[in-house]
Structures are given as structure tokens and as C-alpha cells.
4 protein chains.
Amino acid sequence: MIEQANPEPVDRADAASTPVRPGRRRSEESRRAILAAAYELLAEAGYARLTVEGVAARAGTGKQTVYRWWPGKADVLLEAVTAHARQHIPLPDTGDHAADLHAFLAATFAAATPPTTDALRALMAEAQIDPAFGTRFRDTLLRPRREALGTLLDRAHAAGALAPHLTPAAAVDLAFGLLWYRLLATGDPLDEPLAALLTRTLLR
Amino acid sequence: MIEQANPEPVDRADAASTPVRPGRRRSEESRRAILAAAYELLAEAGYARLTVEGVAARAGTGKQTVYRWWPGKADVLLEAVTAHARQHIPLPDTGDHAADLHAFLAATFAAATPPTTDALRALMAEAQIDPAFGTRFRDTLLRPRREALGTLLDRAHAAGALAPHLTPAAAVDLAFGLLWYRLLATGDPLDEPLAALLTRTLLR
Amino acid sequence: MIEQANPEPVDRADAASTPVRPGRRRSEESRRAILAAAYELLAEAGYARLTVEGVAARAGTGKQTVYRWWPGKADVLLEAVTAHARQHIPLPDTGDHAADLHAFLAATFAAATPPTTDALRALMAEAQIDPAFGTRFRDTLLRPRREALGTLLDRAHAAGALAPHLTPAAAVDLAFGLLWYRLLATGDPLDEPLAALLTRTLLR
Amino acid sequence: MIEQANPEPVDRADAASTPVRPGRRRSEESRRAILAAAYELLAEAGYARLTVEGVAARAGTGKQTVYRWWPGKADVLLEAVTAHARQHIPLPDTGDHAADLHAFLAATFAAATPPTTDALRALMAEAQIDPAFGTRFRDTLLRPRREALGTLLDRAHAAGALAPHLTPAAAVDLAFGLLWYRLLATGDPLDEPLAALLTRTLLR
DNA sequence: CGCTAACCGAGACGGTACGTCTTGTCTTGAG
DNA sequence: CTCAAGACAAGACGTACCGTCTCGGTTAGCG
């Protein structure tokens, strides 16, 4: 469901206004190498030992090439995660709200597997520590997912299928709260039965 | 929110086994000054700018006195939070499961106010970055709260008051998931109506 | 007193083998600022209070820039001394061995004035404490001076002008022994009359 | 020739004025253990790694017991050296000035053997770095030896046996200069032939 | 026999500097 | 104008010692 990473540097004028600029073009090879290196090093050593220097060295690029295009290592990882997670999580609309919700949740949970979960945990951590990155993290990663689930639950709400006393917004918080709490705090599995349990709790 | 601070150094033999040791005693004044300094600096500058050096300087102690008793700044903060939050969150048992749960959740939410929430967010972040601290964080802070809510919900479950399809464990995850998700991701308020909504969702 | 400072980093391959390397060049400004700062701080506070941290701060550089190019403060001082003392002490060869020796000794003694003597005493001290530095100190500072005096005395010896029972090597030890003993132990002056006395003692 | 170490603390009133004081007596066992520990650790690890903490630990005493009786590690070493060197270097007076001088120098050189030379080099180094210790070092160790050789050479001078142009003071500097220069700078041996060479150079 | 004084071991204390590490910027020559 | 390389200023890290202070526990004389 994460659809579009931003390959442009964060604080730079829109390239569309000057579609052709003089000078050497950005190296697509370096970009990919940096994203891959960040992901690998996270898996190998953990976020605490993930450094811009290490990423650049592993990628075979200079540090400046990282800093030219990303504000820091967290944003590299953010783009790497969105790139990895580019496969769409469907937003089904079959008319059967319970089936739709279950499918969405099951697909979401299924996408939360080890290489990606490490990155998600690191990103959520960095978002707490660096408020500016926190904003980018919420806008890029959290909000699109919230909106997807929100539209699904809005439909259910309009049809009177939402559990009594629940609002769509509260239901979204309960669903993603469960997801993140397991990722961050307990490490308990996110599996299909849990999606079913959530579905039954939020609807009716 | 927290009931039991650990005034003993993290990895040290139980003092009870050697009730009198030679040498100068640990300075209670320094201990308190360090905890207070950590809390103040977190509030003033944020976790990113919280340094052991700064804490020691503000507390008027040497750095070694910090490192002698805590593995790092996160553990200082962990003890500071538990010390600050020593006020008991009641674990009511009136027979009215809904009232009991609502009281517990409302008290828990009420304890999550700005100076403390900053610390909690920082601690959860550090727990993601430093796995060893993560274990201490879960054992010291998360688990006791989970167990408290767990016993409350076990009673409700035994009385058939839990919502259908929910287990006590899943209900605990939903409750704390909502709490932490709002702390970490949305910043939305944790207020009494939310406690009521949660109570109605988890019971019946 | 010293003829050849080593402007190259201590343990680095000869730059001539790789005449052009990528990357930013070493800052000549920083190098000079560090040497000057070390010399000034030594004069102001003494070797005991001379710290790498202080040198870097005074020089307006980072500590790493010191450690990148020198193993420690003693090596900075060693280079500063050799740089300061770059003025040549002549190695005269007039045929008059007594006049030659006297000129050499008088020039050597004349170069041993307060700002430099402080550094020399500190360097000799460090050479005793840090054996690895001791080797560098002997190779860089002591040996060239020994060899200069040695060639002068070899000529005198070949001409039969050396005092009976003395070898050139022993004479070198007597001359520099007197110099260093006064620097390190008594603080007595190193003046022209002493050079004359030494000359008459070593020759004939 | 070092005859009397000072077993009293450096800056303390003369014990003779209050010959009997109440309270526990100084532990002779601790004193000896500290001196021995300092000497051993110097031999094992070198002066750079000789610490008061290490000495106290090796000696089985507290740090305070070291600081109560000595200003620092250098003074411990100074007393250890003077204690080791308590065997008298004779100050012969046979009427044969050359024989007397040779005997004195040969005995002095013979006393400069490895365990002691390490300590002497460290002490001379510390004397350069810590001016206050330098004064104690000169008064305790250097001056007595200078005075011994000085009286010997005064006798020779009065008898007209000193080399022409040499004063007794200059001769003392030449002799000890050679000794210390070899200790500190070259490491060349101090043997009987060198004593003979020095004798022939200084007398006649 | 207690009292007071001084020393003992142990070890925590406030400091200071160490040498390393990482950050984000700047500089260089090549493409 | 970007690239790889790498030096730069800045500053925190965690460690090691310094010299001091504080414990409880011993030894000594003196009253």
C-alpha cells in the first residue's frame, strides 16, 4: 500500500520546473546500492550499529552521496522500506465488510515479516527521537495505511456494520495499535487468527 | 502507572546477601540529583540531546557515578520514570467488571501526561535500538502493567464478561496497543471517553 | 639544533608513491595551528597540563585532526621543536679542529633557550615513559645531532687531535651528557665558557 | 650512597616534637608492601602503566594508605629506589686520587643495573613533568651523589690532580652527565672501562 | 575499662583527559 | 553538476586514574 517513495531529495526544488539540468545525472546505481546496503546492515548489525559511514562504504559510494539525497540514515531506511513494501496491499470492496476487513488485516499482517519488521521498529524509534523525521515518517508511512483502513471502515460504518460505540477512527487506532504493540513490545506473532479476532471485535 | 522502582544497581548481587560491605556508601543525594537531571534535560531538550555528560554536569556529579550505577542514559530515565510514577494505579475489584476495567484504564490514561509521556516515548524508542535495554524495559515497565490488567481481565473472563471471541491476552494487547499507538504515532489524547470506549469494546 | 622536520604523518606510506590521491587535502593551516598551540600551551602551563584536548581547542580544530596525524601530544611537540629549531647549526670544517668543535658546541648551547628547553625536557621525559615514543625521539632528534658531532670528532680523531684515551663516541657522550644533564638535573646555564671548557677537555 | 630514606610523611610535623602519639601506629608491613608493589609493577608494566590504584591493590592496602604517606607514585618509587640503593657506595680516600675516583665511578656504574635503572629513568622523567617532585628528587637523590663526588674531586683539585681547565663542579657534571645520558638516551652500558676512561679524562 | 585518636581496608565520590566513533560539511580531481 | 574519496570541526562515548572522602573496624595510649 505504500505506493510512492520520493526519490527526490527532501528539501529541493521540484525537478519538474527544470526538467533538464546541466551536469552529471544522479546515479541510479548508487541510489539502489545505498538502499540495499542500509537494509543489509540493519539486518546484520541492528539499527544501533547502522551508520551513514557504514552504508556508504558498503554501497561503494561517498558519504556525501547519501547526504545529498537523504537527510540521514532513517530516511534511507524509510525509502528502503517503502520500496520493499511496494507490493500493494489490496483495498478490497466486495460488499462483505467483514471479508474485506479480514482480507486487509491479513494482508497487512502478512507483510510484517522479519526483514521489514526490523526496519519498521527502527523507524518508529527514530520518529520518537527526531521529531522532524517523525513528521516525515507519519506522512509517508503511517498516514497512507491509516487512510486505507479508514475508507474501508467508513464504508462499514455507513452500512451499520461497525461494532456499537466504535467510531471508524477508534477502530483504526485499535487495529494499528495492536499491530505496532506486538511489533514493538511483545514480539508476538501477527497471524491470520489475530486478523480474524480483530475483525470480529471491530465489526457487527 | 508504575508500581515498583528498582533502587538497586541493575547488575549487582543482592545486597541482602552481604548486608554490610566496607567502603563508602552510595550517595543517595547523587542518585536523586541524577534522576532529576535526566528528567529535566529530557523535558528541556528532548531525548536526542540528552547525554550522560549533560546529566552528570547538571546533577553535579562525575560521569563515572552515572556509569557505576546505570548502564546508560536510558536506564537512568527508566528509573526516573518508575520513581516519578510510583503513585499506585489501583487494581479495583468491586465485582462490577466494567467499572473495574474503566477505573483502571482511566487511571492509566490519566497518568500519561506530558513530562512522563516524553520519557515513555524515548524509552520505547531506545528499547527498539538497544535490545539489551529492551529486555530491561519490558521486564521493569511493560510486564507489571500487563499483569495488572491481565488479572483484572482474567476475572472478567471467568465471569463470562469478556467480549465474545476475545481472550484476556488479546484484550490486554488491544488496550495497551491503543495506548502506545496514540503515544507514539498519533499523539491523540488519552482521555476518559476513550477509556469508556475501550471498556465497552473489550467487555460483554 | 634540528635540521629536518618531518612534515609527513608518522606512519604513512611515502606520498611520492601515490602522487595524487582523491579526497580533501590535509589542512596546512590546521597543522600549523596545532604545532603553535602545543608550543604555547607548554610554555603557559607546563607539560603536565598540556593535553590533546587543550591543543585542539586552542588550535580551533577537532581532536581527531590531531590524532589523525600524530600519535599523541609528545609527537606534536616533537614536530613543533624540530620546526622551531630548523635554523641550521653549522657543521664547520675549517681545518682548525678546536675552532670547529667550539663553534659547534657554542651554537648548540645557544639554541637551548627557554621556550625550546621546556620542550626538550618534556620530550626526554616522555621518551622514558613511552618506549615507542622514545624510539621516535631518538631517531628524529637525538641521532642526527649525535651524527653531526660524530663526524666532526671523527675528523679530529683522524688528525690525532682528540684527547688521549678518548674515542669519538665517548666524546660525543660526554658533550651531550653535559648538555642534557644541565637541562634535566641542574638547570645551570649552557654558555660559551662551558663550550670552551668542553672543547679543551675533549681535544688535544 | 643514598643513606637515609624519609619514612615520615613529607609534609608533617617532625615526629620528634611529639614522640608518643595516641592511636594506631603506622603499619610497617603496609609500607614495605607498597614499596615492593611499586617496584614490581614498574618492572612488569613500565612507568606509564604504574598507577597508585594498582600499587595499592598489589600491596593489599587502600589507596588512602599510599596517599597518607607519599604525595604520589613517584615519591613511592623514590623511596623504593633509595631503599634498594641503601648499600653504600664507598667514598674512598687512599691518597691516590685516580684510584679513589675510579673506585667511586665503578661502584656507581655497577649499581646502575636493570631494576634500578628503570626506576631512575622514571624518576628523572617525573622530575621534568612535576616541578615539585623535581625538587624532592634533586634534594633526595641527585644532590647527595653530587656532593660525594664533589668532595672527592675537591681533594684532587687541591692536590693539583684535576685536568687543566676543569673545575670540580664541571667535572661532576661531566661524570654524571655521561651516566644519565647513557641511561636516558642511548642505553649504552655503564661498565668499568667507561669508569677508567672518565677517570683519565677528568684527572691529570 | 572505657575514651579518644590515628591508622587500616575498602570503595564511592567529583573531576579530568583519554582515544574512539559518528555526524554532517567541505574539498579535491575525475567524469 | 554529480561522483568517490577522504579530511575537517564538533562533540558524545565509555574507560581509566587522580586525589579526596566516608564507612566500619582495628590498635594504641590516657584517664
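Every chain is numbered from 1, with letters handed out A, B, ... down the list of sequences.
Note: C/Y47 OH to C/K73 NZ = 4.5 Å, rounded to the nearest 0.5 Å. Residue D/D118 holds its CG atom at 8.0 Å from OH of D/Y39, rounded to the nearest 0.5 Å.
In this model, a side-chain donor or acceptor of B/Q64 finds a partner on the base of F/dA16 within 3.5 Å. You'll find a donor-acceptor pair under 3.5 Å spanning the side chain of D/K63 and the base of F/dG19, going by distance alone.
Atom CD in A/E29 sits about 17 Å away from atom P in F/dT2, given to the nearest Å. Between the CD atom of C/E53 and the P atom of F/dA12 there is a distance of 11 Å, given to the nearest Å. Between the C1' atom of F/dA16 and the CG atom of D/L50 lies a distance of 14 Å, rounded to the nearest Å. The nearest whole Å value for the distance from the CZ atom in A/R68 to the C1' atom in E/dC26 is 11 Å. Residue A/R31 contributes atom CZ, which lies 14 Å from atom P of F/dA4 at whole-angstrom precision. In this structure, the CG atom of C/D75 is 16 Å from the C1' atom of E/dC18, given to the nearest Å. Atom-to-atom, CZ of D/R21 to P of F/dG29 comes out at 11 Å; the value is rounded to the nearest Å. Distance, A/I34 CD1 to F/dA5 C1': 14 Å, rounded to whole Å.
At the heavy-atom level, C/G72 lies nowhere under 4.0 Å from the strands shown. Among the protein residues, D/G60 comes within range of the sugar-phosphate backbone only, with heavy atoms under 4.0 Å from sugar or phosphate atoms but none that close to a base.
Using a cutoff of 4.0 Å between basic side-chain nitrogens and carboxylate oxygens, B/E79 and B/R31 are scored as salt-bridged. The pair B/E44-B/R58 counts as a salt bridge, with a side-chain nitrogen and a carboxylate oxygen less than 4.0 angstrom apart.
Considering only the side chain of A/S30, F/dA4 comes nearest among F/dA9, F/dA4, F/dA7. The listed nucleotides are E/dC18, E/dG9, F/dA28; the one nearest the side chain of D/R25 is F/dA28. Nearest nucleotide to the side chain of D/Y67, out of F/dC18, E/dT23, F/dC13: F/dC18. When distances are taken from the side chain of D/R24 to each of E/dC7, F/dG6, F/dC3, the shortest belongs to E/dC7. Checked against F/dC3, E/dC13, E/dC7, the side chain of A/T65 finds its nearest nucleotide in F/dC3.
In terms of position along DNA chain E, the nucleotide closest to D/P22 lies nearer the 5' end than the nucleotide closest to the other residue of the pair D/P22 and A/V52. Of the two residues near DNA chain F, B/G23 and C/G62, the one whose nearest nucleotide lies more 5' is C/G62. In terms of position along DNA chain E, the nucleotide closest to B/S27 lies nearer the 5' end than the nucleotide closest to the other residue of the pair B/S27 and A/A48. Nearest-nucleotide positions on DNA chain F for D/K73 and A/A56 put A/A56 closer to the 5' end.
Of the side-chain N and O atoms in D/R26, none sit less than 4.0 angstrom from OP1 or OP2 of E/dA6. The side chain of C/W69 places an N or O atom within less than 4.0 Å of a non-bridging phosphate oxygen (OP1 or OP2) of F/dC8. OP1 or OP2 of F/dG19 has not a single side-chain nitrogen or oxygen of D/W70 nearer than 4.0 Å.
A cation-pi contact, defined as under 6.0 Å to the ring centre and within 45° of the axis, links A/R26 to A/W70.
Looking only at side-chain heavy atoms (C-beta outward), C/M124 and D/Q128 stay at 4.5 Å or farther from each other.
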